[in-house]
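Would you mind keeping the following structure in view while I ask a few things?
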Amino acid sequence: HLFKIIPSAHDPLRSLYRKILAHHRPHPSPRRPLHPRPRVAPARSADARIIISPTSRPAMPARRPHVLLLNASLAGDAGNTAVLLARAHRLLARRATVESLTLASLAVAASASDSPPGALHPQLRTALTRADGFLFGTGTHWDSWSSVLQTFLEDATPHEGTPLWLGKPAAVVVSEHSTGGKGVLSRLQGVLVTLGCTLPPMSGLVLSRAALLATQHAPDPANTSDFW
């Protein structure tokens, strides 16, 4: 794997995952009525020793966001994207419920089934509906994303602007050997916005094999703090 070793002192992935979670907000509570509710006297228990107040109920725990990681690598679970998303899973799992799907594996399953062409795989559609936010991972192939991701985006087009996507935050991580990843990131973010997703600030990241090699072999590591 090209990205098994990521310097712990400078981990750009960590800030990306924090922004995904920070962008998830629970649904706003209904507005309070203009007229205040009448005060309710505390109820007294039968033995007259314990007072039960209507305001002493325990607070409901906040719901953990459900984040879907979509591995769009051609190599599936054996490629560089799988390494990056595995690290993402460990970081996000501290504060969210994380689900992972590999598009290449689903494409193989769909070809062996009777699913109509051009339709989202049922497992994939269910996962997209369940998710509160997304993290897409892909490599760079001839200045573009993978063919499995292209097929997925085409199949997802009929659901543009539906609750499947609308208002859900999305982030993207792209791996590259030396060049091309930034263009892939920008275009993919544009497609996700068109589908209906929102983009949190600083929600895209490109990791370069050339930059990691330069970091590992630099005479002075202080000069490579901004190499990703």
Side-chain angles (χ1 to χ4, degrees), residues 1-23 67-89 91-92 100-104 131 133-154 156-157 160 165 168-218 220-228:
H1 299 301
L2 301 181
F3 295 97
K4 274 189 175 179
I5 301 175
I6 297 179
S8 58
H10 177 67
D11 189 353
L13 288 173
R14 187 178 301 274
S15 61
L16 174 68
Y17 308 142
R18 285 176 178 169
K19 292 179 184 300
I20 300 171
L21 293 173
H23 195 74
V67 180
L68 177 62
L69 309 187
L70 283 170
N71 181 346
S73 168
L74 287 176
D77 295 328
N80 299 323
T81 301
V83 176
L84 298 175
L85 293 183
R87 187 177 182 89
H89 193 290
L91 293 171
L92 286 170
S100 300
L101 286 178
T102 303
L103 294 183
F134 311 105
L135 174 60
F136 288 83
T138 180
T140 302
H141 309 275
W142 295 101
D143 291 328
S144 189
W145 48 72
S146 65
S147 57
V148 291
L149 180 54
Q150 179 63 31
T151 300
F152 165 75
L153 295 174
E154 293 173 3
T157 299
E160 175 184 339
W165 302 105
K168 297 181 180 181
V172 179
V173 58
V174 179
S175 62
E176 64 173 10
H177 283 91
S178 56
T179 61
K182 181 60 175 65
V184 172
L185 170 65
S186 299
R187 295 198 309 276
L188 182 52
Q189 287 179 321
V191 173
L192 293 174
V193 168
T194 302
L195 288 174
C197 292
T198 61
L199 296 182
M202 309 293 290
S203 58
L205 178 67
V206 179
L207 289 175
S208 168
R209 168 65 171 165
L212 291 178
L213 287 174
T215 300
Q216 295 171 6
H217 299 284
D220 184 2
N223 295 330
T224 62
S225 59
D226 60 342
F227 284 7
W228 294 1

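Keep in mind the model is a prediction, meaning the values are calculated, not measured.
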**Asked** Ignoring hydrogens and geometry, is there a side-chain-to-backbone donor-acceptor pair from Ser186 to Lys182 under 3.5 Å?
**Response** yes

**Asked** How far apart are the C-alpha atoms of Phe134 and Leu192, what are their side-chain angles, what is the distance that settles it, and do they pass the side chain to side chain contact (heavy atoms under 4.5 Å, CB included) test?
**Response** CA-CA 10 Å; Phe134 311 105; Leu192 293 174; over 6 Å; no

**Request:** Please report the shortest heavy-atom distance between Ala170 and Pro200, naming the atom on each side.
**Result:** O-CD, 3.5 Å

**Sequence-distant partners of Ser73, side chain to side chain contact (heavy atoms under 4.5 Å, CB included), two or more places apart** = Asn71, Ala75, Thr81

**Request:** For Trp145 and Leu188, work out which heavy atoms get closest and say how close.
**Result:** CZ3-N, 3.4 Å

**Message:** side chain to side chain contact (heavy atoms under 4.5 Å, CB included), that's the test. Do Leu101 and Leu68 meet it? Break it down for me.
**Reply:** CA-CA 8 Å; Leu101 286 178; Leu68 177 62; 4.2 Å; yes

**Prompt:** Under 4.5 Å between any side-chain heavy atoms of Val184 and Asp143, yes or no?
**Reply:** no

**Closest heavy-atom pair and its distance - Ala104, Gly76** = CB-CA, 4.3 Å

**Prompt:** With sequence neighbours excluded, what pairs up with Thr102 under the side-chain hydrogen bond (donor to acceptor under 3.5 Å, both in side chains) test?
**Reply:** Asp77

**Message:** Classify the ring geometry of Phe136 against Trp165: parallel below 30°, tilted from 30° to 60°, perpendicular beyond 60°.
**Reply:** parallel

**Message:** I need the minimum non-hydrogen distance between Ser203 and Gln189, along with the two atoms involved.
**Reply:** OG-NE2, 3.9 Å

**Prompt:** At what distance, to the nearest 0.5 angstrom, does CD of Glu176 lie from CG of Asn80?
**Reply:** 11.5 Å

**Message:** Looking at Ala131, is its backbone amide N or carbonyl O close enough to the side chain of Lys168 to form a donor-acceptor pair, meaning the two atoms are under 3.5 Å apart?
**Reply:** yes

**Request:** Would you please test Val174 and Thr140 for side chain to side chain contact (heavy atoms under 4.5 Å, CB included) and show each step?
**Result:** CA-CA 7 Å; Val174 179; Thr140 302; 3.4 Å; yes

**Message:** Run the side chain to side chain contact (heavy atoms under 4.5 Å, CB included) test against Ser146 and tell me which residues pass, sequence neighbours left out.
**Reply:** Ala72, Leu74, Thr138, His141, Val148, Leu149

**Prompt:** Mind checking what makes side-chain hydrogen bond (donor to acceptor under 3.5 Å, both in side chains) contact with Glu160, not counting sequence neighbours?
**Reply:** none

**side-chain hydrogen bond (donor to acceptor under 3.5 Å, both in side chains) partners for Ser144, two or more places apart** = none

**Request:** Check step by step if side chain to side chain contact (heavy atoms under 4.5 Å, CB included) holds for Leu69 and Leu92.
**Result:** CA-CA 10 Å; Leu69 309 187; Leu92 286 170; 3.9 Å; yes

